[in-house]
Undergrad: 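Structure provided below as structure tokens; questions to follow.
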Amino acid sequence: MTFDDRITIETPENVTLEVMLAGVGSRMAAALLDGLLRFAVIFAFGVVLFATTDDTDPARTAISAVVYFVMTFCYDVAFEVLGRGRTPGKRATGLRVVREHGEPVGFVASAIRTLLRLVDGLPGMYVVGIVAILLSRKNQRLGDMAAGTIVIRERTDVVTPAWSPAEAAAHPDDGWDVAAVTRDELATVRAFLARREQLVPEARTRVGQELATRLRAKVAGAPPELAPEQFLERLVAAKARRS
């Protein structure tokens with residue numbers, strides 16, 4: 001198996017997307033960085049705790065247990081859910097956790113893959129997890145298989161323009177004929193615009209381009225120079241004005 005593999009996934013918008021899977025090397029590098037950060041935080045708390053309490057203080061044990069739990073379990077879940085699938089280690093190495101169909105990872109999926117680290121880490125040095133990644137078609141450890149997630153490498157050359165619904169509504173669309181756009185197609189566009197911020201940049205760009213290309217032929221009067229997301233937002237605004 002190569003350091004990275006590519007697979008094709010189909011998004012909820014029925015758009016096919018090719019993504020690059022993270023290999024063992026990049027995943028271990030991210031895990032090492034996260035481990036060092038965890039250790040630094042636990043060590044700092046330990047120094048402060050031992051400097052401010054004595055051996056007979058029951059609070060020392062309780063606080064130590066809480067800090068250890070937060071840094072070993074809550075750390076990954078919090079960063080993956082709030083950081084769009086990226087812990088500090090994954091962010092530094094260009095990795096992201098997503099669902100198998102490209103959706104953002106949620107609390108339940110992140111919690112499952114984090115709990116299964118107890119198994120992936122057996123019998124030591126992450127042997128079970130590494131073997132699972134090497135044997136899995138999608139480079140998944142056991143936690144990923146149970147949670148339905150994959151770890152992908154993000155492209156750094158994708159630039160996604162920022163467009164806002166308010167900006168789209170402010171532009172006139174005189175002459176746009178959007179009658180051929182069906183309700184189902186409009187619902188798909190609305191769903192994409194609502195969740196685009198949660199998509200990885202490559203997926204967001206690809207899905208936007210696919211939807212815009214598919215619908216431009218059905219819209220008469222739309223300027224051809226409009227960027228995909230701008231076109232889609234003004235399409236939604238145009239349909240709303242005519243409803």
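The model shown is predicted, which means the values in this text are computed figures rather than measured ones. Numbering of residues begins at 1 and proceeds along the displayed sequence.
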Undergrad: When you group the ILVMFWY residues by side-chain heavy-atom contacts below 4.5 Å and let the links chain together, are Leu118 and Ile133 in the same group?
TA: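 No; Leu118 is not reachable from Ile133 via cluster members.
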Undergrad: Should Val119 and Val108 be regarded as members of a common hydrophobic cluster, given that ILVMFWY residues are connected when their side-chain heavy atoms come within less than 4.5 Å of each other, either directly or indirectly?
TA: yes
Undergrad: List the atom of Thr53, the atom of Leu49, and the distance in Å for their closest heavy-atom pair.
TA: OG1-O, 2.6 Å
Undergrad: To the nearest 0.5 Å, tell me how far Asp144 CG sits from Asp120 CG.
TA: 7.5 Å
Undergrad: Does Lys239 use its side chain to pair, donor to acceptor, with the backbone of Val181 at less than 3.5 Å?
TA: yes
Undergrad: What about Val19 and Val98, same hydrophobic cluster or not, with Ile/Leu/Val/Met/Phe/Trp/Tyr joined at side-chain heavy-atom distances under 4.5 Å?
TA: yes
Undergrad: Using 0.5 Å steps for rounding, measure from the CE atom of Met20 to the CD1 atom of Ile150.
TA: 12.5 Å
Undergrad: Side chains of Leu215 and Leu232: does their closest heavy-atom pair fall under 4.5 Å?
TA: yes
Undergrad: Taking all atoms of both residues into account, what is the closest heavy-atom pair of Arg195 and Pro104, and its distance?
TA: NH2-CD, 3.8 Å
Undergrad: Once ring-ring contact (aromatic ring centres under 6.0 Å, His included) is applied, what residue pairs with a partner in residues 77-99 remain, sequence neighbours excluded?
TA: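 Sorted result for residues 77-99: Tyr75-Phe79.
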Undergrad: For Leu116 and Ala146, work out which heavy atoms get closest and say how close.
TA: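 The pair with the smallest heavy-atom distance is CG-CB, 4.5 Å.
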Undergrad: Considering residues at least two apart in sequence or located in another chain, which fulfil the side chain to side chain contact (heavy atoms under 4.5 Å, CB included) criterion with Arg117?
TA: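 For Arg117 the side chain to side chain contact (heavy atoms under 4.5 Å, CB included) partners, ignoring immediate neighbours, are Asp76, Glu80, Lys90, Arg113, Thr114, Tyr126, Arg141.
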Undergrad: Taking Asp177 for the side chain and Ala220 for the main chain, is one N or O donor matched with an acceptor at less than 3.5 Å?
TA: no
Undergrad: Phe39 and Phe45: same hydrophobic cluster, using ILVMFWY side-chain contacts below 4.5 Å?
TA: no
Undergrad: Any idea which heavy atoms bring Ala30 and Leu95 closest together, and the distance?
TA: CB-CD1, 4.0 Å
Undergrad: Give the cluster check for Val219 versus Leu193: same hydrophobic cluster or not, with ILVMFWY residues linked at side-chain heavy-atom distances below 4.5 Å.
TA: yes
Undergrad: With the side chain counted from C-beta on, respond yes when Val127 and Leu122 share a heavy-atom pair under 4.5 Å apart, and no when they do not.
TA: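 Answer no - side chains too far apart.
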Undergrad: About how many Å separate CZ of Arg38 and CG of Leu33, when rounded to the nearest 0.5 Å?
TA: 11.0 Å
Undergrad: Do Arg84 and Glu154 meet the salt-bridge criterion of a basic N to acidic O distance under 4.0 Å?
TA: no
Undergrad: For salt bridge (Lys or Arg N to Asp or Glu O under 4.0 Å), just list the numbers for Glu229 and Arg204, CA-CA rounded to whole Å, side-chain angles, deciding distance to a tenth of an Å, and then say yes or no.
TA: CA-CA 9 Å; Glu229 288 190 26; Arg204 175 177 174 175; 2.7 Å; yes
Undergrad: In Å, rounded to the nearest 0.5 Å, how long is the span from CZ of Arg190 to CZ of Arg183?
TA: 11.5 Å
Undergrad: Verify, without hydrogens or angle tests, whether Gln140 (side chain) and Thr149 (backbone) share a donor-acceptor contact under 3.5 angstrom.
TA: yes
Undergrad: Give a yes or no on this: more than 12 heavy atoms of other residues, nucleotides or ligands lie within 6.0 Å of atom CZ of Phe73.
TA: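 Yes, CZ of Phe73 has more than 12 neighbouring heavy atoms, counting only those of other groups under 6.0 Å.
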Undergrad: Is any side-chain heavy atom of Trp176 less than 4.5 Å from a side-chain heavy atom of Pro223?
TA: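 Yes, close enough: below the 4.5 Å cut-off.
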Undergrad: Answer whether the closest heavy-atom distance between the side chains of Thr87 and Leu37 falls below 4.5 Å.
TA: no
Undergrad: Can you find a pair of side-chain heavy atoms, one from Leu186 and one from Val236, that are under 4.5 Å apart?
TA: yes
Undergrad: How far apart are the closest heavy atoms of Gly143 and Ile112, and which atoms are they?
TA: O-CG2, 4.5 Å
Undergrad: About how many Å separate CG of Leu135 and CD1 of Ile130, when rounded to the nearest 0.5 Å?
TA: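 These two atoms lie 12.0 Å from each other.
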Undergrad: To the nearest 0.5 Å, what is the distance between CZ on Arg27 and CG on Asn139?
TA: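 Interatomic distance, Arg27 CZ to Asn139 CG, rounded to 0.5 Å: 7.5 Å.
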Undergrad: What is the minimum heavy-atom distance between Ser26 and Arg153, and which atoms define it?
TA: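 Minimum heavy-atom contact is CB-NH1, 3.2 Å.
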